[in-house]
Amino acid sequence: MPEKPALDAAAATSKGLEKTFDPAHFEERWYAVWEKDGHFQPGGPPGSPRFVMVIPPPNVTGRLHIGHAYGRTIEDILARWKRMSGYRVLWVPGTDHAGIATQMVVERQLREEGLARQDLGRETFIERVWAWRRESGDMILGQLRKLGCSLDWSRLRFTLDPELSRAVRHAFVLLYRDGLIYKGRYVVNWCPGCRTAVSDLEVVERKTKGTLYKIRYDVPGVAEGAVVATTRPETMLGDTALAIHPEDPRNAALRGKRALLPIVGRDLPVVEDAILVDREFGTGVVKVTPAHDVNDFAVGQRYGLPAVVVIGPDGKMTPEAGEYAGLDRFVARKKIVERLEAEGRLVAAEPYEINLGTCQRSEDVIEPYLSEQWFVRIEPLAEPAIRAVEDGTVRFAPESWAKTYFAWMRNLRDWCISRQLWWGHRIPAFTCANGHLTVADEDPAACDTCGSAALEQDPDVLDTWFSSQLWPFSVFGWPEKTPDLEDFYPTDVLVTGYDILFFWVARMIMAGLRFTGQAPFSTVHLHGLVRVGGEKMSKSRGNVIDPLEAIQEFGADAVRFTLASAAASGPTVSVERGRMAGSRNFATKLWNAARFTLGQLEGRPATRPPDGQALSLPDRWILSRLDTTAADVHRHLEGFRFDEAAGAVYGFLWHELCDGYLEMVKPVLSQEASAQAPAEAARSVLRHCLESSLALLHPFMPFVTEEIWEKLTGNPGTLIATPYPQGTGRWRDAEAETAVEALRAIVTRVRTFRTERGASPTEPVELTIDPQSPSRAGIPALETLAPLLSHLARLSDLRFAPAEAGAFQDVVAGLMLSLALPQASAAGGQARVGKALAAVADEIAQLSAKLQNPAYLEKAPPAVVEKTRLRLRELEEKRAALGRS
RNA sequence: GGGAGGUUAGCUCAGCGGUAGAGCGCCUGCUUUACACGCAGGUGGUCGGGGGUUCGAUCCCCUCACCUCCCACCA
């Protein structure tokens, strides 16, 4: 495409800024400058007010998705805001080794080479994962830079770093010594796809259409036998008992009998168990499979039943399954059902909705599986963690999450932390030839119990979340008493999605209290999950927003601003592409306001800050609005309302500063007037407002604001460290606000008047304002604004005089206006007047009814009643005015 | 089976006791020289249904309907 002609180029040289901007021109540059200048590291002396966050470490395998972008944008807004507000800010970056996820990535690669991890052996495989990590892991870190995240890269951590690994090991040792970690054979959630145990949280229940099979077992001495129901017939091969309820008369005949397990022929005792058996359900007879069901396992414990494992770790039937050995569990199910049917034992096969547990990672059907695992005893950890939230040591924002937290924490089961994987922190437990366990920080040379030197380390690794739970202090060097730990722990705010409240947040609180005696953070901001236009993002819907593509198309600032604006307190955050464009437009608006301002300031003596004297009403108005806006932004940020905060700056900058003030000062700044005092005042106000806007906006749009800041102040890369506008109230000015808001309302009314009459926007209008208007407070101020009013509303005549008989009349902002189009012949607008009149009459009727209601007058607050009276009076004026028109 | 959240303008969402707001969209005008990624004006809402509390309810309570999510060992 040929270059745009000289017009733009000329504009560029004369104003210093191009007409539209290209974020790619400066984003990378400013990030490098900030980093080089050390702004991402906490300055100031230890002990002075600081603000600390740790990033929720993304998986090393990860690429930045819109959810990360959202959470990290929020964190960066907080970091930049606090930094500009004078805090020593530290935001710690890092990544998570993500056991299963990462191992799966590398295993997939191996599979493409026709290999399995076992072919390489443990050492080689792990080396291979590290190699992968070196070349394509950590991609997400560069992507966080693109987003503008002001993370302290000098403190970058990885959960498998030597220091963090030591912390993990030490935490394990401490819990083990305190009896809070134990090893045992229990039924756990087993994923045959991942070939490892997983925790309860990693099992995703999915409603699925299944079948409930009813199977008859023979019971010698009981003619009709016993009918049991199951959705997993293949597990029957592992049955070691039947259970009935002790008080169920229906099955009284089965008491003390023995049943015969079909196919296998095993002799099964009939036990009576009131806990397992629900008398209401089905036949009241339950098959007991201790090796493949949590409840049945408990029954087995109670009655000393054997446990027979019939489904192996690979999801195939074990040799215990006899002729079915080696078959996939689902194939076996089918064959067993066929056989039962052939034998006439299948009483029924009914459609049944089941909650199918599936693996969060691989989506395989989870199998309850009896195996030896390591567990954390949760109750002693949960109790203080519950208290910490109850007593406000840890606060949730929004608060409503506390309820969910409590509900979960009060019903916790022990946490299975061992994983049959290779990638992760290896369990520091060693078994000697005599079967004794030694658990230690350093690899032991001999068994603690018998001194045997023949030690073998437990092959399992720890659940990834076991290391993540230590993150807020392991990143600072715990268990060493490092200066960083001293200085920056506990942290202040933790920002993350509510989806990992249990996985991570709750466990961090437990671990923090246990290991450091302090809660790891004082506030948890749980945000919603990002949806696109209310819909879940998915490739099949084709609505996936890739933040990196969005950054490329709209700029990082626009992406950030959009995400911040979308931040809602609810469980979903809705983002649309249209909003990205809107944010980009907003950045351009700012850019152009800056161009205009620079044009005004160029070649003139440096402006001084506005000083209260010689300020016009518009000057005072915009300063007042700025003051209020700054206070609002501050308040909203305190309350984690990023949408409101962003909206406040947006509204101020676009609609008040640009649409309002800029237009008002143009005549003041024009050629003839530009040397005069009011123009000088306006220029200083303009500069002040723009600079403040840049500062206010910087946490949301760091790049474009820094770029403009350089042009405006000549101080490159310093906006990031400029004090954040506080909104002290110093410039609050009710008089100026009333007058200018009235002015703006009148201007709008005049323009609408033209539209109503079908007149062109340039058609001169004569306006008369009645000094005896119902609300006269603004009249003197308004009189000083007369030239401005004439200019903005394009009036051919403006008078402060009683309403003109015969002219069109209306009441705006409490002021009685008479309007006329001296040159117009068109007479439109009558329909509109009629409509307006009807609406006014309607409201008058309602308000007068209200004011005639004694109960209202008596019970409503006087201020409200007064407001109603005022409104009624105004409406009556308006009705009169419109009626005369 | 429990629990939480939602239902407000065509779309996406704010508001949560004094009769409704934004962005986008839509309509109508504009080379008003910072900006068409713009300016100006406008259109558009029985605030899911029903009941109650209140002087007054989109906002509080009850109930129904429909969505979404979380938790739970019902064979």
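All values derive from a computational prediction rather than experimental measurement.
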Can you measure [X] atom [atom1] to [N] atom [atom2] for me and round it to whole angstrom units?
X        : N      : atom1 : atom2 : result
A/Asp239 : B/rA75 : CG    : C1'   : 11 Å
A/Glu756 : B/rU43 : CD    : C1'   : 14 Å
A/Ile708 : B/rA34 : CD1   : P     : 16 Å
A/His292 : B/rC73 : NE2   : P     : 19 Å
A/Arg869 : B/rG56 : CZ    : P     : 18 Å
A/Leu847 : B/rC55 : CG    : P     : 19 Å
A/Glu205 : B/rG2  : CD    : P     : 17 Å
A/Trp401 : B/rA4  : CH2   : P     : 12 Å

Handout entry: base_contact_polar (B/rC37 base, A/Arg584 side chain, donor-acceptor, <3.5 Å)
Key = yes
Exercise for the section: Give a yes or no on whether a donor-acceptor pair under 3.5 Å exists between the nucleobase atoms of B/rA75, that is its base, and the side chain of A/Lys214. Expected result: no
Does [N] have OP1 or OP2 sitting under 4.0 Å from an N or O in the side chain of [X]?
X        : N      : value
A/His655 : B/rG38 : no
A/Lys666 : B/rU32 : no
A/Thr752 : B/rG42 : yes
A/Tyr213 : B/rA75 : no
A/Thr572 : B/rG5  : no

Taking any heavy-atom pair under 4.0 Å as a contact, classify [X]: base, sugar-phosphate, or nothing.
X        : answer
A/Ala407 : nothing
A/Asp278 : base
A/Asn411 : nothing
A/Arg279 : nothing
A/Leu662 : base

When rounded to the nearest Å, what value does the distance between [atom1] atoms of [N] and [M] take?
N      : M      : atom1 : value
B/rA36 : B/rG15 : P     : 34 Å
B/rU43 : B/rG10 : P     : 14 Å
B/rC11 : B/rC16 : P     : 23 Å
B/rA34 : B/rC39 : P     : 13 Å
B/rG18 : B/rG1  : C1'   : 43 Å
B/rC35 : B/rG29 : P     : 23 Å

Checking contacts here: which listed nucleotide ([options]) is nearest the side-chain heavy atoms of [X]?
X        : options                : result
A/Thr20  : B/rA34, B/rC37, B/rU12 : B/rC37
A/Pro861 : B/rG18, B/rC55, B/rG15 : B/rG18
A/Thr588 : B/rA75, B/rC39, B/rC37 : B/rC37

So which nucleotide does [N] pair with, by the Watson-Crick or G-U wobble rule with both distances under 3.5 Å?
N      : result
B/rC16 : none
B/rC35 : none
B/rC69 : B/rG3
B/rG44 : none

Completion exercise
Value for NZ (A/Lys214) from OG1 (A/Thr230), rounded to nearest 0.5 Å, stands at 12.0 Å
Handout entry: 5′-ward residue of the pair A/Tyr650/A/Ser760 relative to RNA chain B
Key = A/Tyr650
Exercise for the section: Take A/Lys850 and A/Asp293, find for each the nucleotide of RNA chain B with the closest heavy atom, and name the residue whose nucleotide sits nearer the 5' end. Expected result: A/Lys850
Practice task
Kindly give the heavy-atom pair with the smallest separation between A/Ser583 and A/Met701, and that separation in Å.
Solution key: O-CE, 3.6 Å
Problem - Mutual orientation of the aromatic rings belonging to A/Phe586 and A/Phe561 [parallel < 30°, tilted 30-60°, perpendicular > 60°] - result: tilted
Exercise for the section: Look at the aromatic rings of A/Phe396 and A/Tyr405 and report parallel, tilted or perpendicular, splitting at 30° and 60°. Expected result: tilted
Problem - Side chains of A/Ser565 and A/Asp643, donor plus acceptor under 3.5 Å - result: no
Problem - Short side-chain to backbone donor-acceptor contact, A/Arg749 and A/Asp810, under 3.5 Å - result: no
Practice task
Examine distances only and state if a side-chain atom of A/Arg507 and a backbone atom of A/Phe503 form a donor-acceptor pair shorter than 3.5 Å.
Solution key: yes
